[in-house]
Amino acid sequence: MDKFLHEWKRTHNCGELRAEHVGQTVTLMGWVQGYRDHGGSIFVDIRDRYGLTQLRFDSSVDDATHNLADTLRNEFCIAARGQVVHRGTNVNPKMQTGEIEVLAEHLTVFNRAETPPFEIRDDLDTAENVRLKYRYLDLRRKSLQRNFVMRSHVNNITRNYLADNGFLELETPVLMKSTPEGARDYLVPSRVHPGKFYALPQSPQTFKQLFMISGYDRYYQICRCFRDEDLRADRQPEFTQIDVEMSFVVPEDIYGMIEGLVIRIWKHVLGVELQTPFLRMSYAEAMERFGCDKPDMRFGMELKNVADILASSTFNVFAQTIARNGSIKALNAKGCASLSRSELDGLIDVVKPYGAKGLAWFKANADAWQGPVVKFLTDDEKNDLTARLDIETGDAVFFVADDARIVDPAMAALRLHFGDRLGLRKSSDYAFLWVTDFPLYEYDPAENRYYAMHHPFTSPHPADRGLMSTDPAKVRAQAYDLVLNGTELGGGSIRIHDQETQAEMFRILGLTRAQAEYKFGFFLDALRYGTPPHGGIAIGMDRLIMLLTGAQSIRDVIAFPKTQKATDLMLDCPTEVDAEQLQELSLRIRTENTK
RNA sequence: GGGGUGGUAGUUAAGUCGGUUAUAACGCCGGCCUGUCAAGCCGGAGGCCGCGGGUUCAAGUCCCGUCCACCCCGCCA
């Protein structure tokens, strides 16, 4: 029986041995990353999460150990003990520990490994369904380990920073009440209350406000949230937020506190010094200049409204758009006149998904403008466009004309497309932005009602309070998003802290008194007992880590993620449950008409 | 709900106009080998071509359906 674990503890990790350790007897534990058998001499790379060290087994040192080493295969979990020796003329400069190797005298195999379904290497692009099925193997890869090490680091920095600033880490229930509005809830049936359900929190929104009412004036929580909506590359059904709430604050106080956190994270994790304050821009301005509420500020190429210039255009599409009070926006793709006609026509595919029916364009060549729309442009229109869009020889200009709700997202997508194409979206640039003054309401023409754009506890802008009853669509909210490089990192608001405004909010949202009482009675009650002015924000931890690590998928920063159909390929879940379980929950599965 | 890309050996991919025994690399198994580090050399095994149906003398290849993974639109207070 060998002495590993009991007598021979791990003395070093696999990433730390250097020339200075030569002569020491060390014990390493880890996994076989690779082996090179030269007969009398066997080289084995042993891996742990810190790095890689070369072990050498020499038949002249110990025959039994050498013979055991002969049986080693990839991913065996082993321990080896021996002397650190210098590699002399065989130093490997590509390895951090490449100056030395461990001349092994003792070896033990904790556990052999079956041949893994894919090699544990970063330069191998294995299909994601295989990676997800064997997630515990995928997580051995260096590239993923790096992400989770960083994620842990960011968790620590966040806790320390918020604690330094007097925040209390307070926990809230995971089983809570289903709320109307917003995302679909994940429901949990109650056994003891047949026909009744809990819901998993979309966010701890009401709880953190109740903490403010209770006088815990600075709250935070790194908490899991659940939303039963369709997935994207940056969206999972369960995700993590840095949830923050403060009493006696205005938006600037929140901005400052979060900027301090972000600065610390960037400094400690990336070694990057960020400039503050971050840029601020109103929602209205962001929509006008960039066509979206989360503009990527790493580059310009702003959209220009040109409806006034083309007000009397003879081009049918423009004329019809003007006639029905639509929007025409243009974008100058600097230096893109070199694109071929088929490339330019192909760009329609960039805007089509957003409902744009066409993409008009022309190139500003040295001799003349060229493109399908040029023949419709008068000299005056050309001059005005040149001035507004700063058109120079070699530029390509694009137009989308339609309703604003089509033009803006389509042109925003086109702008990002050119940003990528022209290499203007460098991952090493960090352009933070506060988007402020979001509208309080969104009107839904299909249902002829207003929805809360942020959530129903968001305070109106003080100057717009009076408009709530007369013109809800015009009311600005004290709501804000933190945007980084075109990604919404988080958002929050100042909350309503008086019951009259809250009641009016519910009324405008179409909730009867009885409905409001049923859904939020506890909250309306609480507001009556001396609620402080308060507000907060929630930062998406997963997206934050994505941006810090450069991960292209949120699945690379979540240890055990779900697929796009919200399944877990490793657990094979969700699954059906026993009839008894359903019986206990008073549930029956409808087997027909399930579509 | 809609649009798109993909699915061939354990893995990554090739597979032409439908035509012989479906290729390659890595991995895996056996052997040799004392300075490799993407080790090398010799030999070998390994296939429901996602699944189902159809067309055809003949289907990895063409058609229809379906499942799965990914990307996007809708959706995501």
Side-chain angles (χ1 to χ4, degrees), chain A residues 33-46 52-61 66 70 73-75 85 87-95 97-98 101 103 113-134 137 179-185 201-203 205-206 225-237 239 349-356 405-406 409-410 413 438-442 444 450-458 477 479 488 491-493 505 509 538 540 552-553 555 562-565 567 569 595:
Chain A
Q33 175 74 53
Y35 54 95
R36 296 168 293 281
D37 186 349
H38 288 243
S41 201
I42 302 172
F43 300 95
V44 174
D45 294 329
I46 183 171
L52 217 56
T53 300
Q54 176 166 286
L55 306 175
R56 177 155 65 92
F57 297 90
D58 195 306
S59 54
S60 68
V61 172
H66 179 264
D70 198 37
R73 293 296 180 268
N74 284 334
E75 301 309 318
V85 297
R87 290 210 212 170
T89 56
N90 297 304
V91 162
N92 182 353
K94 285 187 283 188
M95 282 176 85
T97 60
E101 65 194 2
L103 185 56
E114 287 184 22
T115 303
F118 50 88
E119 294 172 69
I120 312 302
R121 281 164 45 179
D122 276 342
D123 55 346
L124 224 60
D125 192 19
T126 304
E128 203 162 350
N129 53 343
V130 182
R131 292 175 49 201
L132 289 173
K133 180 172 178 184
Y134 300 94
L137 297 180
T179 52
E181 312 242 338
R184 278 184 212 96
D185 284 321
Q202 297 176 25
S203 83
Q205 183 61 37
T206 49
C225 302
F226 305 85
R227 292 177 192 175
D228 187 4
E229 296 293 345
D230 289 337
L231 281 62
R232 287 286 186 282
D234 61 355
R235 274 174 16 198
Q236 282 271 304
F239 59 99
D349 292 333
V350 175
V351 295
K352 247 185 185 162
Y354 302 89
R405 66 186 168 77
I406 299 219
F438 275 76
L440 189 58
Y441 299 105
E442 242 173 336
D444 180 358
Y450 289 97
Y451 279 90
M453 191 161 187
H454 186 49
H455 57 55
F457 314 106
T458 303
E488 180 195 331
S493 63
M505 169 63 91
L509 295 178
Q552 293 301 300
S553 161
R555 294 179 299 281
K562 307 267 189 297
T563 68
Q564 198 174 44
K565 287 220 171 99
T567 64
L569 295 179
K595 287 196 171 171

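Letters A, B, ... are given to chains in the order of the sequence lines, protein chains preceding strands, and every chain is numbered from 1.
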With sequence neighbours left out, what residues match [X] under side chain to side chain donor-acceptor pair (under 3.5 Å)?
{"X": "Ser60(A)", "result": "Asp58(A)"}
{"X": "Arg227(A)", "result": "none"}
{"X": "Arg121(A)", "result": "Glu119(A), Asp123(A)"}
{"X": "Thr563(A)", "result": "Thr567(A)"}

task: Tell me, please, which residues at least two apart from Asp37(A) pass salt bridge (Lys or Arg N to Asp or Glu O under 4.0 Å).
output: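 Once residues adjacent in sequence are excluded, Asp37(A) has no partner under the salt bridge (Lys or Arg N to Asp or Glu O under 4.0 Å) criterion.
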
- request: Could you pick out which residue, Ser553(A) or Asp230(A), lies toward the 5' side of RNA chain B when each is mapped onto its nearest nucleotide?
  value: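 Counting from the 5' end, the first nearest nucleotide belongs to Ser553(A).
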
field: Asp45(A), nearest nucleotide to its side chain (from C37(B), U36(B), C71(B))
entry: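 Closest nucleotide to the Asp45(A) side chain: C37(B).
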
Side chain to side chain contact (heavy atoms under 4.5 Å, CB included) against [X], all qualifying residues, sequence neighbours excluded:
{"X": "Pro456(A)", "value": "Ala452(A), Met505(A), Phe506(A), Leu509(A)"}
{"X": "Asp444(A)", "value": "Ala446(A), Glu447(A), Tyr451(A)"}
{"X": "Asp45(A)", "value": "Gln33(A), Arg36(A), Leu52(A), Gln54(A), Met95(A)"}
{"X": "Thr179(A)", "value": "Asp185(A), Gln202(A), Phe520(A)"}

message: Quick test of your reading of the model: are Glu229(A) and Arg235(A) salt-bridged, counting only N-O distances below 4.0 Å?
response: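 No salt bridge links Glu229(A) with Arg235(A).
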
Sugar-phosphate or base contact per nucleotide [nucleotides 3-14 of chain B; S, B, -; heavy atom under 4.0 Å]: -------SSS--

Distances for protein N/O vs nucleotides 28-32 of chain B N/O pairs under 3.5 angstrom?
residue : atom : partner  : partner atom : Å
C28(B)  : OP1  : Asn74(A) : ND2          : 3.4
C29(B)  : OP1  : Arg73(A) : NE           : 3.4
C29(B)  : OP2  : Arg73(A) : NE           : 3.4

Quick test: give all pairs of protein nitrogen or oxygen and nucleotides 22-24 of chain B nitrogen or oxygen below 3.5 Å, distance rounded to 0.1 Å.
none

